[in-house]
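Only one structure is covered here, and it is reproduced in the block below.
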Amino acid sequence: MTTATAIAHPNIALIKYWGKADEAMSLPATGSLSMTLDVFPTRTTVTVGEGAGAGSNATAPDTLTLNDRPATDAELGRVTRFLDLVRELAGDERPAAVVSTNTVPTGAGLASSASGFAALATAAAAAYGLDLDVRALSRLARRGSGSASRSIPGGVAIWHAGDDAASFSETVAAPPLAMVIATVDAGEKHVSSREAMRRTIATSPFFPAWVTSTAASLERMVEACAAGDFTRIGELTESNALRMHATIQSAEPPIRYLTAASTRVFDAVAGMRVAGLEAYATADAGPNVVVLTRPDDREAVAAELSANAGIAQPVTTLPGPAARLESGGGADATGPAASGAGTAPGAGAPA
Ligand code: 2P0
């Protein structure tokens, strides 16, 4: 029996991934760039062999326990399809028992699928005896969930568009960054990002412009990161997020993830800039807003969000670590170590 446990953290994109070029291979329409967080890790244990995988599904009797409860059929099916890829790579047909614990509310707009599939890829590769480097592991994690690719390397990561071999993630140099998570609603999102991406591609007249403009913004973002230009990084981040939401809203029927409460946070962030506190807002496929700032300003931004935007418990985070096996031998020795500076997530913590 072989067991491996891995830990991975979520990431928030500064240049967003929205839309696939190839759904079966999980290849993105554009590249994207994110910061991995040092809060809300997912811890996943994969066990292969003797007694593991006594599930009822005869074709691949894996078992999955998610946050201390048996997974739904849909959750198990997605994990089994992913493990099938690992089994094919390893030439090993044995089923697995998977136990996973998320510390971020599932499905609430701060992608638990990113940390989830990054941790699963790292643990499953080790449990099935595969020796994969960061590039290969990020390509594997991509097949589970696109954004999971970016949670394999640590810190600020770029996920390249391209064919299967070229579409991997790697850490890029960037100036010191911090984020403050403003949870406006911790509930489940009404349309999954996977479904919303499909609808956007199929119906939005703006989608082609999203693709060309995001590719251009990614190039500028890489330049700004290399130059250590925080202001440019922030401007590109907020602009790209609003373009993504505009594109999503232009689908038919429309999808609106941002609410009045989200808009109040964007307004508060604009107000901070006017007052000389440099901060920029972004949001994923949900109403919650994440504010990019400099590490030295993160507590001031959190205080402003509490005082002026009605955010009960803003959570601050610095760049987080690479996905890693719990017993050493991590996926990437080059990623920054966990800073440990994030505010501990509590009950009702951000989504
Ligand atoms: C991102 N999002 O770049 C964008 C911004 C949400 C909004 O990546 O279908 O859960 O599993 O590849 O990775 C969410 O998409 O989608 C996402 P799949 P995923 O972070």
Side-chain angles (χ1 to χ4, degrees), residues 8-37 40 42 74-75 77-79 81-82 85 102 104 106-121 138-152 156-161 164 167-169 179 181 188-201 204 207 210-211 214-215 217-218 221 236-249 251 255-258 262 281-290 292 351:
H9 289 69
N11 67 75
I12 296 291
L14 311 185
I15 298 294
K16 305 293 190 189
Y17 149 54
W18 194 260
K20 295 176 182 68
D22 181 330
E23 186 142 346
M25 293 303 291
S26 193
L27 298 173
T30 66
S32 57
L33 183 141
S34 65
M35 185 184 106
T36 292
L37 311 186
F40 306 138
T42 295
E75 289 162 341
R78 192 165 167 190
V79 164
R81 283 192 294 279
F82 180 78
L85 299 171
N102 277 319
V104 57
T106 301
L110 189 75
S112 58
S113 66
S115 55
F117 278 96
L120 179 63
S138 70
R139 288 174 52 224
L140 177 63
R142 187 197 83 214
R143 302 289 297 275
S145 191
S147 54
S149 172
R150 298 188 310 239
S151 281
I152 295 294
V156 174
I158 186 169
W159 171 24
H160 301 283
D164 178 34
S167 190
F168 60 89
S169 296
M179 287 179 169
I181 302 161
E188 291 274 325
K189 62 181 107 171
H190 54 103
V191 186
S192 75
S193 32
R194 188 162 287 191
E195 181 52 38
M197 283 180 201
R198 283 188 193 120
R199 193 188 300 176
T200 308
I201 293 173
S204 168
F207 187 73
W210 159 257
V211 171
T214 296
S217 296
L218 179 61
M221 179 63 88
L236 287 163
T237 296
E238 192 166 305
S239 156
N240 185 255
L242 290 172
R243 284 178 180 176
M244 180 188 77
H245 284 280
T247 309
I248 295 169
Q249 289 180 17
I255 300 165
R256 284 191 305 122
Y257 287 120
L258 300 181
S262 319
T282 186
D284 284 341
N288 300 319
V289 179
V290 177
L292 180 72

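Order of listing sets the numbers, starting from 1, for every ligand and every atom in it. What you are looking at is a predicted structure, and each value in this text was computed from that prediction instead of being measured.
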- prompt: Given Arg194, Arg143, Arg142, Met197, which one has a non-hydrogen atom that is nearest to atom 15 (O) of ligand 1?
  reply: Met197

statement: The atoms of ligand 1 lying under 4.0 Å from a heavy atom of Arg78, numbered in the order shown, are 11 (O)

- prompt: Which atoms of ligand 1 have any heavy atom of Ser113 under 4.0 Å away?
  reply: 10 (O)

Sub-4.0 Å atoms of ligand 1 with respect to non-hydrogen atoms of Gly146: 11 (O), 12 (O), 13 (O), 18 (P)

- request: Report, in ascending order of atom number, the atoms of ligand 1 lying under 4.0 Å from any heavy atom of Trp18.
  value: 6 (C), 7 (C)

Test side-chain contact (heavy atoms from CB on, under 4.5 Å) applied to Thr30 - qualifying residues, sequence neighbours left out: Val211, Thr214

query: Heavy-atom contacts under 4.0 Å between Ser32 and ligand 1: side chain, backbone, both, or neither?
result: neither

- prompt: Would a 4.5 Å heavy-atom cut-off, applied to side chains only, mark Leu292 and Ile12 as touching?
  reply: no

query: Does Val156 reach the side chain of Leu33, with side-chain heavy atoms less than 4.5 Å apart?
result: yes

- request: Flag the pair Ser151 / Phe117 as yes when at least one side-chain heavy-atom distance between them is below 4.5 Å, and no otherwise.
  value: no

statement: So for Arg150 against ligand 1, with non-hydrogen atoms under 4.0 Å, the contacting part is side chain

query: Numbering the atoms of ligand 1 from 1, which are under 4.0 Å from a heavy atom of Lys20?
result: 9 (O), 12 (O), 18 (P)

- request: Decide if the gap between the ring center of Phe168 and the ring center of His160 is smaller than 6.0 angstrom.
  value: yes

Within reach of ligand 1, part of Ser193 (heavy-atom separation under 4.0 Å): side chain

field: Where ligand 1 meets Met244 - atom numbers and elements under 4.0 angstrom, heavy-atom basis
entry: 5 (C), 7 (C)

- prompt: Is Asn240 close to Trp210 at the side-chain level, that is, under 4.5 Å between some pair of heavy atoms?
  reply: yes

List, one per line, each side-chain donor-acceptor pair under 3.5 Å for residues 242-249, sequence neighbours excluded.
{"from": "His245", "atom 1": "NE2", "to": "Ala283", "atom 2": "O", "distance (Å)": "2.9"}
{"from": "His245", "atom 1": "NE2", "to": "Asp284", "atom 2": "O", "distance (Å)": "3.3"}
{"from": "Thr247", "atom 1": "OG1", "to": "Arg243", "atom 2": "O", "distance (Å)": "2.7"}

query: Can you find an N/O atom of Ser26 closer than 3.5 Å to an N/O atom of ligand 1?
result: no

Ser138 versus Ser169, side-chain donor and acceptor atoms under 3.5 Å: no

query: Which ligand 1 atoms are under 4.0 Å away from a heavy-atom of Lys16?
result: 3 (O), 5 (C)

